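Fair warning: this is a prediction, and the values are worked out from it, not measured in the lab. Numbered from 1 within each chain, the chains take letters A, B, ... in sequence-line order.
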Amino acid sequence: MPELPEVEILARHLRPLLRGKIIREIYVRREKVLRPTSPAQFRKILRGAKFLGLTRRGKYLLFELRAKNSRTPISLLGHLGMTGRMFFAGKKEPLPKHAAVVFDLGAKNFIYEDTRYFGRLTLDNSAVAKLGPEPLGKDFEPVKFSENLKRSRQPVKVKLLDQSLVVGVGNIYASEALFRAGISPRRAANKLTAAQIKKLWRSIREVLMEAIDCGSTIPLNFSA
DNA sequence: AAGCGCTCCTGCAGGC
DNA sequence: TGCCTGCAGGAGCGCT
């Protein structure tokens, strides 16, 4: 299950490879991953469009494109769900069993594959507006984080998975951050002491930064 | 408005 | 050996 570091590393990897590439053709092999965008709408808007940039927000990938023969900006939102992958492949290579969307970029195919189809690739980017602060950014304030935790009786682990509280943290890094902070994942969020919250706040940032550093030093050759 | 149960999907492991 | 069951899990939805 890709979380913030994995998505960040993927974004860094794909950004230079996608820039300037034009979508020649689109093959939608699993319509549901586009929801609520229809396949017809998806094809109509994206065919002939050019990739300009790629950013990450939480666990989402935000592809910036420009429509064919116009300056109209297009924002394509991607989420890898649990098992999603995005990679380039030669046009003669057989498609993986669960290739959901295939972009023909001319020399190569750009493939979005997702075994369990929990991910998304859509023109509807409304999900981004609901997201909380980036844990590695300035918006992730300990005071606000603390206030949010104080409002909940749920286990702290559950709260860390809530993307409106802080984005990008999933099952693995939530557990890792809690372990480092010496806090039981089952502890009620509103029972944490100020010292524990501060420690947790730091652990979250640490584990994510370390994972990005670790991953970014390893070449991404899972391009198949 | 927090909290909870349900749904989406497939692959895999365990039981018999 | 092979079938069946249940689990895994991010996020959105609807209900309380």
Side-chain angles (χ1 to χ4, degrees), chain A residues 1-11 27-39 41-42 55-63 75-87 94-102 111-136 140 143-179 184-192 197 200 204 207-208 211-212 215 222 224:
Chain A
M1 56 269 32
E3 301 177 31
L4 187 149
E6 291 75 31
V7 180
E8 175 63 28
I9 288 157
L10 180 64
Y27 304 97
V28 177
R29 301 174 80 251
R30 192 78 173 200
E31 299 189 358
K32 281 190 176 179
V33 304
L34 309 182
R35 280 187 306 183
T37 306
S38 72
Q41 183 83 341
F42 193 82
T55 53
R56 179 196 57 75
R57 178 77 175 91
K59 300 175 199 171
Y60 288 90
L61 289 161
L62 281 157
F63 299 88
S75 184
L76 176 66
L77 188 70
H79 195 293
L80 299 175
M82 284 187 56
T83 51
R85 301 192 311 150
M86 290 185 186
F87 55 92
L95 292 175
K97 184 175 176 185
H98 299 294
V101 180
V102 178
I111 298 171
Y112 165 46
E113 183 251 2
D114 189 351
T115 307
R116 294 190 193 170
Y117 302 110
F118 274 18
R120 279 284 186 285
L121 193 59
T122 179
L123 295 168
D124 170 31
N125 54 15
S126 58
V128 172
K130 298 164 195 161
L131 296 175
E134 285 288 333
L136 302 180
F140 187 42
V143 175
K144 183 82 182 139
F145 180 57
S146 174
E147 283 170 6
N148 283 328
L149 291 176
K150 291 278 180 229
R151 259 192 275 124
S152 174
R153 287 170 307 203
Q154 277 190 304
V156 58
K157 164 89 182 276
V158 172
K159 296 313 291 177
L160 291 185
L161 303 180
D162 181 347
Q163 303 297 297
S164 69
L165 208 149
V166 58
V167 297
V169 178
N171 197 33
I172 309 283
Y173 293 104
S175 295
E176 186 62 29
L178 284 164
F179 178 79
S184 164
R186 287 186 285 271
R187 187 87 181 141
N190 63 357
K191 291 274 175 67
L192 295 180
I197 292 172
L200 179 58
I204 291 167
V207 296
L208 295 175
I212 292 172
F222 56 78

Examine [N]: is either OP1 or OP2 under 4.0 Å from a nitrogen or oxygen in the side chain of [X]? Give yes or no.
| X | N | result |
| --- | --- | --- |
| Ser152(A) | dG3(B) | yes |
| Gln163(A) | dG10(C) | no |
| Lys97(A) | dT10(B) | no |
| His98(A) | dG11(B) | yes |

For Asn171(A) and Lys130(A), take the nucleotide of DNA chain C holding the closest heavy atom to each; which residue's nucleotide lies nearer the 5' end?
->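 Going by which nucleotide is closer to the 5' end, it is Asn171(A).
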For Phe118(A) and dC8(B), say yes or no: do the ring centres fall under 5.5 Å of each other while the ring planes differ by less than 30°?
->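 Per 5.5 Å and 30° rule: yes, stacked.
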Using whole Å, report how far [atom1] of [X] lies from [atom2] of [N].
| X | N | atom1 | atom2 | answer |
| --- | --- | --- | --- | --- |
| Leu161(A) | dG10(C) | CG | P | 6 Å |
| Asp162(A) | dG9(C) | CG | P | 18 Å |
| Leu165(A) | dA1(B) | CG | C1' | 14 Å |
| Arg120(A) | dG12(C) | CZ | P | 9 Å |
| Arg116(A) | dG12(C) | CZ | P | 19 Å |

Should Met86(A) and Leu121(A) count as side-chain neighbours, where that means a heavy-atom distance under 4.5 Å?
->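 In contact.
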Answer yes or no: is there a side-chain heavy-atom contact under 4.5 Å between Leu123(A) and Phe42(A)?
->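 Yes - at least one pair of side-chain heavy atoms lies under 4.5 Å apart.
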If you take atom types as modelled and just measure distance, does the side chain of Arg153(A) reach the base of dA2(B) with a donor-acceptor pair under 3.5 Å?
->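 There is none.
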Among [options], the nucleotide that comes nearest once only the side chain of [X] is considered:
| X | options | value |
| --- | --- | --- |
| Lys159(A) | dG3(B), dG9(C), dC9(B) | dG3(B) |
| Thr115(A) | dA11(C), dC9(B), dG11(B) | dG11(B) |
| Lys32(A) | dT10(B), dA11(C), dC8(B) | dC8(B) |

Under 3.5 Å, side chain of Arg29(A) to main-chain N/O of Ala99(A), donor-acceptor pair present?
->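 Yes: the side chain of Arg29(A) pairs with the backbone of Ala99(A).
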Is there a donor-acceptor contact under 3.5 Å from the side chain of Lys150(A) to the main chain of Leu192(A)?
->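 Judged by distance alone, yes, a pair lies under 3.5 Å.
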Under 4.0 Å between any heavy atoms, over every strand shown, what does Arg30(A) touch: base, sugar-phosphate, or nothing? Just pick one.
->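 Arg30(A): backbone/sugar contact only, no base atoms under 4.0 Å.
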For Arg151(A), answer base if it contacts any base atom (sugar-phosphate contacts may also be present), sugar-phosphate if it contacts only those atoms, and nothing otherwise; contact means non-hydrogen atoms under 4.0 Å.
->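 Since only primed, P, OP1 and OP2 atoms lie under 4.0 Å of Arg151(A), the category is sugar-phosphate.
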NZ/NE/NH1/NH2 to OD/OE distance under 4.0 Å, Lys59(A) and Glu3(A) =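 Answer for the salt bridge query: no.
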